[in-house]
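Proteins get letters first, then strands, A, B, ... in listed order; numbering begins at 1 in each.
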Amino acid sequence: MELIDKLSILADAAKYDASCASSGAPKRSSRGKAGLGSSNGMGICHSFTPDGRCVSLLKVLLTNFCLFDCQYCVNRRSSNVPRARFTPEEVVRLTLSFYRRNTISGLFLSSGIIRSSDYTMEQLIQVAKLLRETHQFRGYIHLKAIPEADPRLLEEAGRYADRLSANIELPTLTSLKTLAPEKELGTIHSAMGHMRQRIDAANDDAQRDAKRLPRSANPKRMAPIYAPGGQSTQMIVGADATDDRTILQSAQHLYRDFRLKRVYYSAFSPIPERPAGLPQAAPPLLREHRLYQADFLIRGYGFQAEELLNAPGNLDLEIDPKLAWALAHRDDFPVDLNRAEPAMIARIPGIGLRSVQRLVDLRRLRRIRYQDLVALRCRLETLRPFVVTQDYRPADAQRDSTRLRQSLTQPQPAQMALW
Amino acid sequence: MANASMSPTSSAAWANDFDEWRTQARRLLHLGVPPASVTWHDGNASHDDLFSWQEPPSMPPGPPPAPIRIGRDQLTLLRNAARYRVEGHGQSRWPLLYRVLWRWARGDAAAMHPADVDGRVLHQRWHAVKREAHHMHAFLRFHRCDDGRGERYLAWFEPAHDVLDLGAEHFADRMGGSRWIIATPRGGVSWDGSALDYRTPCPKEWTDEARTAAERANADEEHALWRTYFVSTFNPARLNHRVMTQHMPQRFWRHLSEGDLIPMMEAKARHGGQRLAQESSVGRRKGKALPGGRSALPRSPSGGDD
Ligand code: SF4
């Protein structure tokens, strides 16, 4: 099979994995050195496909042959899809060629399970090793960690990869049992635990190093690197009946227990020859979007999953989770921007983290006025009922949440401005 | 060259770049010239302007003025906001900067805050500049050229603001020993593997080479691979035109080798009812279900691949 045909099949087979950011790598440069590539912690999107997704890495499977039969997966062994397999050298060639033309910032490599988990992991490592050692490639590498593989191999993978990810795929033990019978939650967790330990240890070493002499003065002291971009995982949403609360709670555990950098949510995409038991249609993309918003509130704003959803169920599709929380906690509002703790300002719908910082800086210089919120481009229609400034108090502070919600979700009539 | 001319009521000042502006601004501040009395121009003093040009007055007698203290962050903000190209005839990037500096020097620290009337515009400009530098890192494309002078990579890019050097530094880190040239409508830069060579205006030879290479991108067989990848990695079931154009403004498309594929991909996805995530050409290939009935135990030694 020609390389171009393999590429067409193996990129198609890899598109279901959403975790392909190129962020979190340490600063590296090839200036004045042999080899190719740099990284600076910030990801770059080199293109966008018409689905609105960022193209940052060459995202392919090494092969879509697979021994497993995960029901939601297009590559499961019982699926009647065209199959292909790259040699490690072919992946290396594509990565370097695309990289030089500035169409990608690195490689995201995953694979179906062939022969054995160990063999598969070895093949993935082989590609990373060729890139790093033979070609001195300093761009981004994200490797899929096969949870069932020998810990010794995960160890090796972390020395070449910026990021490792073992996909949890389904948020509960039961759904994993029914839909991915060959996968074991315990095995996935233990792989994540192992990687966390190694990442933490490498970070501690690096910190200890940083306190001593500059690295250049004593290069030997350089701490061994292990997946400096941390680990991530992916959960499929809408392949079974699991609700958002369970999904977010499970994400919260993963952040807490394994210090994951990111949990990615991937709305189940309809695949050819859908097995019985899987939904016919994809869940609304808005559901995935709301999950990302809630996830961000958990990671960045100090919310708990249980605060965002205090009973079993799904997130509100009509309004974003921060607004939903505020409407459910009217007693805590309005918040006086000139007095409130920064953490409370961050809970006001329509005010993002960056604006919080700017407001806190500003009130050291002078009192905050309503006009400042306009200048900072906060979402005024949303925040209006929830804030107090030196010159502003919401007239609708006493309005009950149901009516407030209606006014926030309904398109505003044009005369509103005159009231 | 930079000049400042003074009359009792108004002054005119010219600056090509930030450092020239800084020298001018420092002098005008020390002389106590308020922002409303300065007319700033981009570039050098031209002949037309010479009638109003006078020798800049020397510093007034007395003790030297106290130096203006400005933090590193503020300097970075001013320097980067100065990269913003202000559109419109007779418009200049300098008046805003001078107004902010004037207020700052008078103890009005809020002048550089994003909620301030001036600070807000300053931050918006910086934001636009950062975004354009990022666009350059992302959407610039190199074309390989091997014409007997050894392998080189050529790029044509049309930045909306003065970010050529920000891009050049990035690509010097990225491309290591590979030689490259970036040509733009204003300046150009080349990297020989060890040093950057900036030219303004961009030499015609560079422009011609870079534009030709971009037009002949199809001759590069790797180009076909990239286009194939772009089509295959797209998920037709998730078509989202708005988000795509929001992140990748249409002005960049015509210089991307995948740009012309986008309308076709969208049309096909709509035609196919966005039912499947799979690319249709992959679906038309002969499929292969694999033998099952056997649980794949971890580390089982048997063969199951091709
Ligand atoms: S292990 Fe499961 S999810 Fe992974 S490729 Fe095989 S069938 Fe798909």
Side-chain angles (χ1 to χ4, degrees), chain A residues 4 7-9 11-12 15 29-38 44-52 55 59 63 65 67-69 74 77-83 85 94 97-98 100-103 113-118 148 182 269-272 282 285 358 362 365-366 372 375-376, chain B residues 109-110 113-115 120 137-138 140-142 153 172-174 176-178 194 222 224-226 228-230 232-235 237-241 243-244 247-248 256 258 262 265-266 269 275-279 281-283 285-290 292 295-296 298-301 303-306:
Chain A
I4 197 161
L7 180 60
S8 154
I9 292 170
D12 187 81
K15 73 171 69 153
S29 166
S30 293
R31 201 185 287 232
K33 295 177 194 157
L36 178 73
S38 64
I44 299 179
C45 295
H46 289 276
S47 193
F48 286 83
T49 37
D51 48 20
V55 183
K59 180 167 65 174
T63 175
F65 283 91
L67 291 171
F68 282 21
D69 210 28
V74 68
R77 66 167 185 267
S78 58
S79 166
N80 185 31
V81 287
R83 310 265 173 184
R85 180 179 175 181
L94 288 169
S97 157
F98 288 0
R100 285 206 175 87
R101 283 156 184 80
N102 203 38
T103 55
I113 312 286
I114 43 167
R115 246 181 254 183
S116 70
S117 300
D118 280 0
E148 297 80 9
E182 287 107 341
S269 268
I271 48 174
L285 289 182
R358 288 176 160 181
L362 183 63
L365 303 171
R366 58 169 174 74
D372 296 327
L376 291 176
Chain B
H113 191 277
R120 174 189 189 184
H137 299 169
L140 176 143
R141 293 290 187 263
F142 280 116
Y153 287 85
D173 283 338
R174 193 179 151 102
S178 308
S194 58
E222 305 295 304
L225 288 168
W226 169 249
T228 299
Y229 175 70
F230 188 74
S232 262
T233 198
F234 163 55
N235 185 337
R238 299 177 57 115
L239 192 63
N240 195 337
H241 181 81
V243 173
M244 173 188 58
H247 292 295
M248 189 163 73
L256 298 175
E258 67 274 22
I262 295 172
M265 288 159 72
E266 293 190 321
R275 267 175 295 105
L276 280 186
Q278 191 182 51
E279 215 290 297
S281 74
V282 172
R285 289 173 196 268
K286 204 165 117 0
K288 182 175 178 184
L290 304 171
S295 144
R299 283 166 236 161
S300 71
D305 57 311
D306 55 340

Check your understanding: Residues in side-chain contact (heavy atoms from CB on, under 4.5 Å) with A/R100, at least two apart?
Key -> A/L36, A/L96, B/Y153, B/S178
Review point. B/M265, B/H247, B/K286, B/E258: which one forms the most heavy-atom pairs within less than 4.5 Å of chain A?
Key: B/H247
Review point. Looking at B/A110, B/G176, B/S232, B/S194, which makes the most heavy-atom pairs under 4.5 Å with chain A?
Key: B/S232
Check your understanding: With chain B, which of A/S38, A/P50, A/A375, A/S30 has the greatest number of heavy-atom pairs at distances under 4.5 Å?
Key -> A/P50
**Study point:** Proximity breakdown for A/I4 and chain B, heavy-atom pairs closer than 4.5 Å
**Key:** both
Study note, to complete from the structure: Interatomic distance, CZ@A/F48 vs CZ@B/F230, rounded to 0.5 Å, equals 10.0 Å
Check your understanding: How many angstroms lie between atom CG of B/L140 and atom CZ of A/R101, to the nearest 0.5 angstrom?
Key -> 13.0 Å
Check your understanding: A/F98 vs B/Y229 aromatic rings, parallel, tilted or perpendicular, using cut-offs 30° and 60°?
Key -> tilted
Study note, to complete from the structure: Ranking A/T103, A/V55, A/L362 by heavy-atom pairs under 4.5 Å to chain B gives rank one to A/T103
Exercise for review: Using side-chain contact (heavy atoms from CB on, under 4.5 Å) as the criterion, list what pairs up with B/H241, not counting sequence neighbours.
Suggested key: B/M244, B/T245, B/W253, B/E266
Review point. Do A/S29 and B/D173 get their side chains close enough for a donor-acceptor pair, meaning under 3.5 Å?
Key: yes
Exercise for review: List the steps, then state whether side-chain contact (heavy atoms from CB on, under 4.5 Å) holds for A/S97 with B/L225.
Suggested key: CA-CA 10 Å; A/S97 157; B/L225 288 168; 5.6 Å; no
Exercise for review: May I ask you to decide if B/R238's main-chain N or O and A/D51's side chain share a donor-acceptor pair within less than 3.5 Å?
Suggested key: no
Check your understanding: With respect to chain A, which residue among B/H113, B/H137, B/E279 yields the maximal number of heavy-atom pairs within a distance under 4.5 Å?
Key -> B/H113
Exercise for review: Locate the shortest heavy-atom distance separating A/S8 from B/T228; write the atom from each residue and the value.
Suggested key: CB-CG2, 3.7 Å
Check your understanding: Any donor and acceptor pair, going by atom type alone, linking the side chain of A/R83 with main-chain N or O of B/K288 inside 3.5 Å?
Key -> yes
Point to revise | Which of B/V243, B/L256, B/T233 touches chain A most, by non-hydrogen pairs under 4.5 Å | key: B/T233
Check your understanding: Looking at A/D372, A/L365, A/V81, which has the largest count of heavy-atom pairs under 4.5 Å with chain B?
Key -> A/V81
Practice item. Output the option from A/S47, A/A34, A/S269 having the highest count of non-hydrogen pairs under 4.5 Å with chain B. Key: A/S47
Exercise for review: Please state whether the side chain, the backbone, both or neither of A/K33 comes within less than 4.5 Å of a heavy atom of chain B.
Suggested key: backbone
Review point. So, B/R141 side chain and A/N102 main chain: donor-acceptor pair closer than 3.5 Å or not?
Key: yes
